[in-house]
Peer 1: 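Below is one structure. I have some questions about it.
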There are 2 protein chains.
Amino acid sequence: MQKMNNKNKIFIDKLRSAGLRPTNQRVEISKFLFNRKNTFHFTVEELKNSMNLKRSKKISTATFYNTVHALKSAGHLKELSLENNTSYYDTNITSHHHFFDNGKVIDIKSDKIAFHKLPEAPKGKKIKNVEVVIRLENNN
Amino acid sequence: MQKMNNKNKIFIDKLRSAGLRPTNQRVEISKFLFNRKNTFHFTVEELKNSMNLKRSKKISTATFYNTVHALKSAGHLKELSLENNTSYYDTNITSHHHFFDNGKVIDIKSDKIAFHKLPEAPKGKKIKNVEVVIRLENNN
DNA sequence: TATCTAGTTTATAATTATTCTAAAGTAAGT
DNA sequence: ACTTACTTTAGAATAATTATAAACTAGATA
Ligand SMILES: [Mn+2]
Ligand SMILES: [Mn+2]
Ligand SMILES: [Zn+2]
Ligand SMILES: [Zn+2]
């Protein structure tokens, strides 16, 4: 029943590659997340609220969580550890870093940070990724 | 009623500087946290379980949370953002970094990581701290 | 096209980590 | 000993998330 115009192909493909059937709810979520020029950082609550605000028939909480998790597992979203009580997700899945300022997340492109020295992994282990968080506060 | 031997002075002082009266429960927590050679990384649940295991009269959950929070506010503990569902705390309050491997936290001394390039804070903001987390996985 | 079936959505219950509340207990000063 | 402010604690409440299971659909099949 999916009105499958090519325009949505890219968003549908992300769902398919995550093993998800492209239902209306999922396609809308995928478009909301990926149909934008800039990186989008969000919590599931924020995503749900901003999408449902504009809708008469709300998408359920479980569908938001399920879809975000599947997209994350398929590598289309990255999960960030910035605060201890909420998961932040990131549509920028390339290796990069963040400013974090009172709930607001700002990308730092990978080439803006360079290491002069990095430790090696303990024996038997290897490095999966290196994540830098620069916390900000107001001047004076 | 506090049996105040000098041996505990350092642990009691941390409590006092956090605005806490040195009750028996608090002194035991403070000793458990700070009476050790190496950095201790923990979640409140882990702290509670390991301390209460050895005790006939258990210290309550609320006392653990309250004491840890007060010690953190006074600057005697640092809170880490490593996982999204649990707060980790660190008895090493100096600026340093971490390996994180499946719930296990390992200190990286500050001088083991050096930056060749770091972005400056957006206008109106300044950098509060820079935190590097190196996530590990098993070899091959 | 009607039917079938596996996959999906949703409301609601459950769970986990954490915080709140308010009653009972205790430290210290007088 | 008495008072009072501070503590401890069990248990209720909250927030984010996950699980459950009934009603619903997409897509395959006849
Ligand atoms: Mn939490
Ligand atoms: Mn959480
Ligand atoms: Zn990002
Ligand atoms: Zn540490």
Side-chain angles (χ1 to χ4, degrees), chain A residues 1-5 8 11-12 14-30 32 41-52 55-74 77 79-89 103, chain B residues 1-4 8 12 14-30 32 41-52 55-74 77 79-89 103:
Chain A
M1 219 85 313
Q2 190 57 41
K3 207 152 286 154
M4 164 56 140
N5 32 17
N8 290 347
F11 312 115
I12 289 176
K14 286 193 202 286
L15 295 169
R16 286 232 154 85
S17 80
L20 298 179
R21 224 185 245 179
T23 61
N24 286 311
Q25 290 94 326
R26 288 169 176 170
V27 173
E28 290 207 41
I29 293 172
S30 184
F32 189 90
H41 299 101
F42 63 95
T43 68
V44 175
E45 276 298 305
E46 289 168 356
L47 173 65
K48 184 183 86 171
N49 292 336
S50 49
M51 284 193 67
N52 276 343
R55 301 174 53 90
S56 40
K57 185 167 191 323
K58 315 297 187 193
I59 297 174
S60 73
T61 303
T63 293
F64 282 106
Y65 275 100
N66 291 340
T67 304
V68 166
H69 284 162
L71 289 171
K72 181 206 159 189
S73 295
L77 290 174
E79 189 175 2
L80 308 176
S81 286
L82 297 168
E83 277 187 332
N84 285 320
N85 290 314
T86 319
S87 286
Y88 282 81
Y89 293 89
Chain B
M1 218 87 307
Q2 191 56 42
K3 207 153 285 153
M4 163 57 142
N8 290 346
I12 289 175
K14 287 194 203 285
L15 294 169
R16 286 232 155 83
S17 79
L20 297 179
R21 221 186 247 177
T23 61
N24 286 311
Q25 290 95 324
R26 289 168 176 170
V27 173
E28 289 207 42
I29 293 171
S30 184
F32 189 91
H41 299 103
F42 62 96
T43 68
V44 175
E45 276 298 305
E46 289 168 357
L47 173 65
K48 184 183 86 172
N49 292 336
S50 51
M51 284 193 67
N52 275 344
R55 301 173 55 90
S56 40
K57 184 163 193 325
K58 315 297 187 193
I59 297 173
S60 72
T61 304
T63 294
F64 284 106
Y65 276 100
N66 291 340
T67 305
V68 166
H69 284 162
L71 289 170
K72 181 205 160 192
S73 295
L77 290 174
E79 188 175 3
L80 308 177
S81 285
L82 297 168
E83 276 186 332
N84 285 320
N85 292 313
T86 319
S87 286
Y88 282 81
Y89 293 90

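Because the structure is predicted, anything quoted here is derived from the model rather than measured. All values below come from the heavy atoms of this structure, side chains included, with hydrogens, waters and symmetry mates left out.
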Peer 1: Looking at every non-hydrogen atom in both residues, tell me the closest pair between A/A74 and A/S17 and how far apart they are.
Peer 2: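 Closest approach of A/A74 to A/S17: CB-O, 4.0 Å.
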Peer 1: Under the side-chain contact (heavy atoms from CB on, under 4.5 Å) rule, what do B/E46 and B/Y89 come out as? Steps first, then yes or no, please.
Peer 2: CA-CA 11 Å; B/E46 289 168 357; B/Y89 293 90; over 6 Å; no
Peer 1: What closest approach, in Å, do A/L82 and B/S81 show between heavy atoms, and which atom pair accounts for it?
Peer 2: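 Distance-wise, the nearest heavy atoms are O-OG, 3.1 Å.
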Peer 1: State whether A/S87 places a side-chain N or O below 4.0 Å from either non-bridging phosphate oxygen (OP1 or OP2) of D/dT17.
Peer 2: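 Yes, such a contact exists.
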Peer 1: Any side-chain heavy atom of A/T61 within less than 4.5 Å of one from A/V44?
Peer 2: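 No, side chains not in contact.
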Peer 1: Could you list the protein-to-nucleotides 4-7 of chain D atom pairs, N/O on both sides, closer than 3.5 Å?
Peer 2:
from  : atom 1 : to    : atom 2 : distance (Å)
D/dC6 : O4'    : B/R21 : NH2    : 3.2
D/dT7 : OP1    : B/R21 : N      : 2.8
D/dT7 : OP1    : B/R26 : NH1    : 3.0
D/dT7 : O5'    : B/R26 : NH1    : 3.0

Peer 1: Any side-chain heavy-atom pair from A/F32 and A/S50 closer than 4.5 angstrom?
Peer 2: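 Yes, at least one pair of side-chain atoms sits under 4.5 Å.
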Peer 1: What's the OH-P distance between A/Y65 and C/dT12, to the nearest Å?
Peer 2: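 Distance check: A/Y65 OH to C/dT12 P gives 18 Å.
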Peer 1: Atom CG of B/N85 to atom P of C/dT18: distance rounded to whole Å?
Peer 2: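 Atom-to-atom, B/N85 to C/dT18, this comes out as 9 Å.
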Peer 1: Are A/T86 and A/E45 packed together at the side-chain level, in the sense that at least one heavy-atom pair is separated by less than 4.5 angstrom?
Peer 2: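 They are not in side-chain contact.
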Peer 1: Using atom CG of B/N66 as one end and atom C1' of C/dA22 as the other, report the distance to the nearest whole Å.
Peer 2: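 Rounded to whole Å, this separation is 14 Å.
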Peer 1: Which atom names give the shortest non-hydrogen contact between A/K58 and A/N52, and what distance separates them?
Peer 2: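 Heavy-atom minimum between the residues: NZ-O, 2.9 Å.
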Peer 1: How long is the line joining CZ of A/F64 and P of D/dA16, in whole Å?
Peer 2: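 Answer to the nearest Å: 16 Å.
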Peer 1: Separation of A/K57 atom NZ from C/dA11 atom P, in whole Å?
Peer 2: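 Nearest whole value for this atom pair: 7 Å.
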Peer 1: Please state whether the phosphate of D/dT17, meaning OP1 or OP2, lies under 4.0 angstrom from any side-chain nitrogen or oxygen of A/H69.
Peer 2: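 Indeed not, no polar side-chain atom of A/H69 lies that close.
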Peer 1: How many whole angstroms separate atom CD of B/E79 from atom C1' of C/dA17?
Peer 2: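 Checked: the CD to C1' distance equals 12 Å.
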Peer 1: What is the separation between atom CG on B/N84 and atom P on D/dT18, rounded to the nearest whole Å?
Peer 2: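 Value for this atom pair: 10 Å.
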Peer 1: So how far is it from A/R26 CZ to A/L15 CG, rounded to the nearest 0.5 Å?
Peer 2: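 Answer for the CZ-CG pair, A/R26 versus A/L15, is 7.5 Å.
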Peer 1: For the pair B/R21 (side chain) and B/T23 (backbone), establish whether a donor and an acceptor sit closer than 3.5 Å, ignoring hydrogens and angles.
Peer 2: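 No; zero donor-acceptor contacts below 3.5 Å.
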Peer 1: Under 3.5 Å, which N/O atoms of the protein pair with N/O atoms of nucleotides 10-14 of chain D?
Peer 2:
none

Peer 1: Take atom NZ of B/K48 and atom P of C/dT16, then tell me their distance rounded to the nearest Å.
Peer 2: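 It works out to 12 Å between those atoms.
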